[in-house]
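None of these values were measured; they are calculated from a predicted model. Chain A is the first sequence line, chain B the second, and so forth, proteins listed ahead of strands; every chain is numbered from 1.
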2 protein chains.
Amino acid sequence: MIRISKKVEYALMALKFISQSDNKLVTAREISDTKKIPYDLLSKILQKLKNENILLSNQGTNGGYSLNKRTDEIYLYNLMNMLDGDIAVAECMYETKEKDCSLEDSCSIKSEVAKLQKEVEDLFKNKTISDFV
Amino acid sequence: MIRISKKVEYALMALKFISQSDNKLVTAREISDTKKIPYDLLSKILQKLKNENILLSNQGTNGGYSLNKRTDEIYLYNLMNMLDGDIAVAECMYETKEKDCSLEDSCSIKSEVAKLQKEVEDLFKNKTISDFV
DNA sequence: CTAATTTGGACTAATATAGTCCTATTTGAA
DNA sequence: TTCAAATAGGACTATATTAGTCCAAATTAG
């Protein structure tokens, strides 16, 4: 299936929201409430983005999140990678594949799949958060 | 996740195999054996392709499948659609969506997602089986 | 008649995604 | 110095999707 996961969808919405909040800290609760995103799930996503240096966070009362990068420096490709792991159009294209594709030698479409893989990657590498704002 | 399903992968391999078999009928068993594809699953896929007029079939002894279209007339996009259903980068992009996206109004990225949707579609619409042969 | 084959429904298993629950830690302010 | 508002993060459950299996019927050449 070709789909953007909910995690990435929520991340895009959250980043857009934060980017439009004039540098004041934004809480997970605030985003969750206004955008109707499950709070716990959103928290996990924001934590992840913080650990990946996309966001800055302040704990405690009056805490919240702010952007740590310009929106045009945050690539959709990277977001997808952070939140969902490797992007691969087919099993054999996983960068970190531990298990070999069961087909291997009998697979007759490998090289064209690799080409497709690159095209899909490029598409997502050419999109940044600024496109969504 | 951005992935080509096994069904589509197997379909590509099968179509390639059939296209290289000089117009003689090819059985599901033959493809399954040489390409190491689970027989029952492959059968389903070939039946589907037959019902979608991509393949012709002969039942009974000496039966099998043959192509009903030129390889450059079979689009990856259509294959994906036939075998996996609607392609949608996000829930709200399903053509046949009965359930509304829970976010709806609160969704702030809809228009850009629609653009992305089109780009992904175009990518797959521009690939035919002949690219894989 | 029989064996090889497609046809197709129903089911199960495996995997991935989405969402929940709980507790700890940090911090500003009453 | 306690309390409430936040982030941090592990463990778990539920749901959905994908992959694969099983079984029985229909077709057809020899």
Side-chain angles (χ1 to χ4, degrees), chain A residues 1-11 14 18 24-33 36-52 54-66 68 80 83-88 90-91 94 97-99 101-103, chain B residues 1-11 14 18 24-33 36-52 54-66 68 80 83-88 90-91 94 97-99 101-103:
Chain A
M1 188 184 278
I2 304 299
R3 220 186 66 224
I4 286 185
S5 72
K6 285 287 179 195
K7 278 186 191 170
V8 173
E9 227 176 304
Y10 294 156
I18 296 169
K24 67 173 169 24
L25 293 181
V26 179
T27 67
R29 181 63 63 186
E30 202 177 341
I31 302 172
S32 162
D33 285 349
K36 309 278 164 42
I37 300 172
Y39 175 77
D40 293 290
L41 187 52
L42 179 63
S43 293
K44 293 290 156 54
I45 293 166
L46 296 176
Q47 283 164 35
K48 186 84 182 180
L49 295 180
K50 187 258 172 171
N51 288 332
E52 300 276 358
I54 304 286
L55 294 177
L56 292 173
S57 71
N58 282 190
Q59 273 182 287
T61 311
N62 300 335
Y65 295 94
S66 60
N68 193 28
M80 293 169 78
L83 296 170
D84 298 335
D86 257 3
I87 292 169
E91 219 177 312
Y94 281 106
K97 69 161 184 153
E98 62 301 316
K99 61 173 175 185
C101 169
S102 58
L103 298 170
Chain B
M1 186 183 278
I2 304 299
R3 219 187 65 225
I4 286 184
S5 73
K6 285 286 179 194
K7 277 188 192 169
V8 173
E9 227 177 302
Y10 294 156
I18 295 169
K24 68 174 165 28
L25 293 183
V26 180
T27 66
R29 181 63 65 186
E30 199 176 345
I31 302 172
S32 162
D33 285 348
K36 307 281 163 39
I37 300 172
Y39 175 77
D40 293 289
L41 186 52
L42 179 64
S43 291
K44 292 289 156 53
I45 294 166
L46 297 176
Q47 282 164 38
K48 186 84 182 180
L49 296 180
K50 187 259 171 170
N51 288 332
E52 300 278 357
I54 304 286
L55 294 177
L56 292 174
S57 71
N58 283 189
Q59 272 182 288
T61 310
N62 299 335
Y65 295 93
S66 61
N68 193 28
M80 294 169 77
L83 296 169
D84 299 335
D86 257 2
I87 292 170
E91 218 177 313
Y94 282 106
K97 72 162 180 150
E98 62 299 318
K99 60 172 173 184
C101 170
S102 57
L103 299 170

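- Phosphate contact (OP1/OP2 of D/dA19, side-chain N/O of B/Y10, threshold under 4.0 Å): absent.
- Note that the two end axes of the helix from C/dC1-D/dG30 to C/dA30-D/dT1 enclose an angle of 0°, each drawn from 5 base pairs, rounded to 10 degrees.
- Remark: C1' of D/dA5 and CG of A/L25 are 13 Å apart, rounded to the nearest angstrom.
- The shortest distance between the side-chain N/O atoms of A/K50 and the OP1/OP2 oxygens of D/dA8 is below 4.0 Å.
- Side-chain N/O atoms of B/N62 include none lying less than 4.0 angstrom from OP1 or OP2 on C/dT6.
- No donor-acceptor contact under 3.5 Å links the side chain of B/Q59 to the base of D/dT27.
- Across the protein-nucleic acid pair, B/K6 atom NZ and D/dT21 atom P stand 13 Å apart, rounded to whole Å.
- Atom NZ in B/K36 sits about 15 Å away from atom P in D/dG20, given to the nearest Å.
- The shortest distance between side-chain heavy atoms of A/P38 and A/Y10 falls below 4.5 Å.
- When each of A/T61 and A/K44 is assigned the nucleotide of DNA chain D bearing its nearest heavy atom, the one mapping closer to the 5' terminus is A/T61.
- Per the geometry, OH belonging to B/Y65 stands 13 Å off P belonging to D/dT28, to the nearest Å.
- Residues A/L46 and A/I31 are in side-chain contact: their nearest non-hydrogen atoms beyond the backbone lie under 4.5 Å apart.
- Mapping A/G63 and A/D40 onto DNA chain D by nearest heavy atom places A/G63 at the nucleotide closer to the 5' end.
- Residue B/R29 contributes atom CZ, which lies 15 Å from atom P of C/dT7 at whole-angstrom precision.
- Distance check, rounded to the nearest 0.5 Å: CG of B/L41 to NZ of B/K6 gives 10.0 Å.
- In terms of phosphate contacts, B/R3 brings a side-chain nitrogen or oxygen within less than 4.0 Å of OP1 or OP2 of D/dA19.
- A close approach under 4.0 Å does occur between a side-chain nitrogen or oxygen of A/S57 and OP1 or OP2 of D/dA8.
- Proximity of A/I54 to A/N68: side-chain heavy atoms (C-beta onward) are nowhere separated by under 4.5 Å.
- For C/dC22, neither phosphate oxygen OP1 nor OP2 lies less than 4.0 angstrom from any side-chain nitrogen or oxygen of A/Y39.
- Regarding A/I45, its CD1 atom lies at a distance of 15 Å from the C1' atom of D/dT7, rounded to whole Å.
- When all heavy atoms of A/S43 and A/Y65 are compared, the pair lying nearest together is O-OH, 4.5 Å.
- A/N58 places its CG atom 11 Å from the C1' atom of C/dG28, with the value rounded to the nearest Å.
- A straight line from CG of A/L41 to P of C/dC22 spans 17 Å, rounded to a whole angstrom.
- Panel note: side chain B/T27, backbone B/G64; no donor-acceptor pair is recorded below 3.5 Å.
- You'll find the side chain of B/K48 reaches within 4.5 Å of the side chain of B/L83, heavy atoms only.
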